[in-house]
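Letters go in sequence order (proteins before strands), and every chain restarts at 1. Keep in mind that this is a model prediction, so the values were computed, not measured.
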Amino acid sequence: MKNISASNPAEDQAKEQASKLSVYVSSSPHVHSTEDVPWIMRQVIYALIPGALVGVYFFGIPALKVIVVGMVSCVVIEALWQKLTGNPITIKDGSAALTGLLLAMNLPSGAPWWLVVIGSLVAITIAKQFFGGIGNNPFNPALVGRVFLLISFPVAMTTWPEPRSFFSQAADAATGATPLGALKTAIFEHGTITAAPGMNLMDPFLGNVGGSLGEISALALILGGIYLIARRIITWHIPVVYIATVAVLTGILWLINPDVYANPAFHLVAGGLMLGAFFMATDMVTSPITNMGKVIFAIGCGAITVVIRLWGGYPEGVSFAILIMNAFVPLINRATKPTKFGVVR
Amino acid sequence: MKTFKGGIHPPEEKQLVKDNPIVDFPLSSRYHVLVQQHLGAPAKPTVKAGDEVKKGQVLSEPLGFVSVPVHAPTSGRVKEIGKIVHPVTGLLAPCVVIDADGCDEWAEGLPLERDPFAMSREELLNVIKTAGVVGMGGATFPTHVKLSPPKDKTIDTFIVNGAECEPYLSSDHRLMLEEPDRVLKGARVIMKVLGLERAVIAIEANKPDAIKLMWEKAPAEIQVEALKVKYPQGAEKQLINALTGREVPSGGLPMDVGAVVQNAGTCAAVWDACARGIPLIERITSVTGRGIVQPKNIRVRVGTLLGEVIDFCGGLNGAAKIIYGGPMMGIAQFTQDISIMKGTSGVLVLREQDTNITAYSACISCGRCVEACPMGLIPSVLSKLGEKGMFQKAVENNLLDCVECGSCTYVCPANRPIVHFVKHLKALSRAASAKK
């Protein structure tokens, strides 16, 4: 029999001392998944590596420079902003580095360093911190940065160096058109696309085309996207529905008039669709929270992308489409609340 | 395998204690029996300082239907009606302090032998109430109330809950393995009370030995059902949904869909009460976690001090959190000077690296909480409203449907204490409606 009887005050006091505990007290639950925000951001960065490597392979050191400047400037600008405004510095969450990488991948490899820095400045301060920092920005910061640059510096933003093997990079690379740009030019000049050059599918699938340094290889981006889905960072809803919407809409138009509208396979591999569908539209903060909402959001992205590509002034519409749909996210979230348990359906 | 929608897969961690046979906790010299160990109306002590009490003797009188008495865990003398920290509220609460005389002598006529199946439904319900039986899974709702559905509710399903979906804990598992007859016979008594011919005993598939044993032992009218391993599989509403496909209506009770759920431990307590007249004075508790030196499953008297239990299990080792219950829904304690209660299914001691004490950050709207929520809510919205104390808006967003299972909080990558915000909002909402 165990005896811890304590009937006199001295013993009581000793017992009290002995039982003084130094422990944490908080609400349940007391255990937590190891997958935190920095882990998620790291996974997305890992998933972007194949696309970035293809960019560096075809565009050489300038592409690498844009990536490094983008990532470093975003992190530094976020830290500086938070220091100046007296807020806690949150660069360790990895979101600024990811924004920098995404911005860089949406820029031409020939972008000068100051252009990248301006893009970072807009992305981090105006698009992200003005709204309250991570989690509170309604629009995808990297896309806001990119679109700001596209509108403000149209020439620099549409000067596309020609892709070449990393091992045969010339000092001053020639520039050319993107596949979608060539298409648009052909339509403007001839009214049909039959004269458009470079309409093969294999080059844009592998990445041997002009374009933003991170968007050129559909294959590399799909690999990264599959990684994100397998890691359960994103669900299939946005990329699959987005891509399917573009395929269906361009497919219908192509069947109606293949002289004016390019075939859907070309629309899938050309331009920024894969980068947008797997990495930009899936940004958690700026996309709907439920799977149903994601489907609606992705259909909207796909439809607007097709409208801009086929009838808009710009050859490519992915960035605008995602930004426009970002604005609808609060409405979509409101309309797609899950049915709670215990309600007669 | 049957299951429900939503939920999470935290590490099970049951290996620490699941193979340790139940050991009897030795008799203590003093017990602190909390008067309020159940959910519902209070009870009032019926003994006073100096009274001699025998093991199993009533110590309190329930005030109201939804209330039960507590009983002396051993024989001895009442030292005082004192106060001790209540593990659920964290506040000082009345308790009967008993100095044991070491004889551990039963009250007169106990334990008795009788055939519960020869007793009437009313007699059985009365015995269950006077024996102080409450839900032993942790919620501690008086069992006789759950077994007395109003006349307009037809009960057609009785489920014995052996899911034990909380990580770490193995008390129900050990009970089913070592004393299956108490569980099954108690279940049959409850079937009689409910007037049912059939019952289901539901066990998560991570306890194959218990499933096999129950399969062998269970009479034909009790069906054994293996459930997918997923938290919170053992939550009442999710369990009913998994087994029957029915959804307990929002704001309703299991009886609204014709179901009654009783924990395996509760069934055993019902058997003791009805067949042997033994009130609920002891229970099986898993003392586990990496912060305790020797994890054990103990049969411990209600009223035993936590400090003694910890000493019996080799003491603490780098303890950062001491929890009554499991890691998902258990309550963190700030002192060892609290006593074991009827609902203490586990004492979990976590080290700093086993628990989660980092700061939280802004919601990134990843939607993981929405996927995890078994109740179909949007926990991220509730957590944002919680930060601002906006309880009315939270009620509009189904605050009151939250069962506080913690799945959302477990998966939140921003580490947001969503359950904490929900509890805070519910308290604000209660306070506001009390004012009206």
**Q** Could you tell me whether B/Phe312 and B/Phe25 have their ring centroids closer than 6.0 angstrom?
**A** yes
**Q** In terms of heavy-atom proximity below 4.5 Å to chain A, should B/Lys423 be classed as side chain, backbone, both, or neither?
**A** side chain
**Q** Report which part of B/Pro10 has an atom under 4.5 Å of a heavy atom belonging to chain A: side chain, backbone, both, or neither.
**A** neither
**Q** Measure distances from A/Ile233 to the heavy atoms of chain B and classify the residue's part below 4.5 Å as side chain, backbone, both or neither.
**A** both
**Q** Which bit of A/Thr290 comes within less than 4.5 Å of chain B, counting heavy atoms only: side chain, backbone, both or neither?
**A** side chain
**Q** Check each atom of B/Lys237 against the heavy atoms of chain A and say whether the ones under 4.5 Å are side chain, backbone, both or neither.
**A** both
**Q** Chain B: which of A/Met284, A/Lys294, A/His32, A/Arg232 shares the most heavy-atom pairs with it under 4.5 Å?
**A** A/His32
**Q** I'd like to check B/Ile292 versus B/Val347 (side-chain heavy atoms, cut-off strictly below 4.5 Å). Are they in contact?
**A** no
**Q** Where on A/Ile40 is there a heavy atom nearer than 4.5 Å to chain B: the side chain, the backbone, both, or neither?
**A** side chain
**Q** Looking at A/Val31, A/Ile289, A/Val25, which one has more heavy-atom pairs under 4.5 Å with chain B than the rest?
**A** A/Val31
**Q** Give a yes or no answer on whether the side chain of B/Gln333 reaches the backbone of B/Pro87 with a donor-acceptor pair at less than 3.5 Å.
**A** yes
**Q** Is it the backbone or the side chain of B/Asn397 that comes under 4.5 Å from a heavy atom of chain A, or both, or neither?
**A** side chain
**Q** List the residues meeting side-chain contact (heavy atoms from CB on, under 4.5 Å) with A/Asn326, not counting sequence neighbours, and say none if there are none.
**A** A/Phe139, A/Asn140, A/Thr286, A/Phe297, A/Ile322, A/Leu323
**Q** State, with a plain yes or no, whether a side-chain heavy atom of A/Leu101 is found less than 4.5 Å away from one of A/Val44.
**A** no
**Q** Checking A/Asn291 against chain B: side chain, backbone, both or neither under 4.5 Å from a heavy atom?
**A** side chain
**Q** With side chain to side chain contact (heavy atoms under 4.5 Å, CB included) as the criterion, how do B/Val257 and B/Glu247 come out once you've worked through the C-alpha distance, each side chain's angles and the decisive distance to 0.1 Å?
**A** CA-CA 7 Å; B/Val257 291; B/Glu247 290 189 14; over 6 Å; no
**Q** Do you know which of A/Ser28, A/Ser95, A/Gly133, A/Ser287 has the most heavy-atom pairs with chain B at a distance under 4.5 angstrom?
**A** A/Ser28
**Q** Anything in residues 363-375 of chain B with a heavy-atom distance to chain A below 4.5 Å? Please list those residues in order.
**A** B/Cys363, B/Ile364, B/Ser365, B/Cys366, B/Gly367, B/Arg368, B/Val370, B/Glu371, B/Pro374, B/Met375
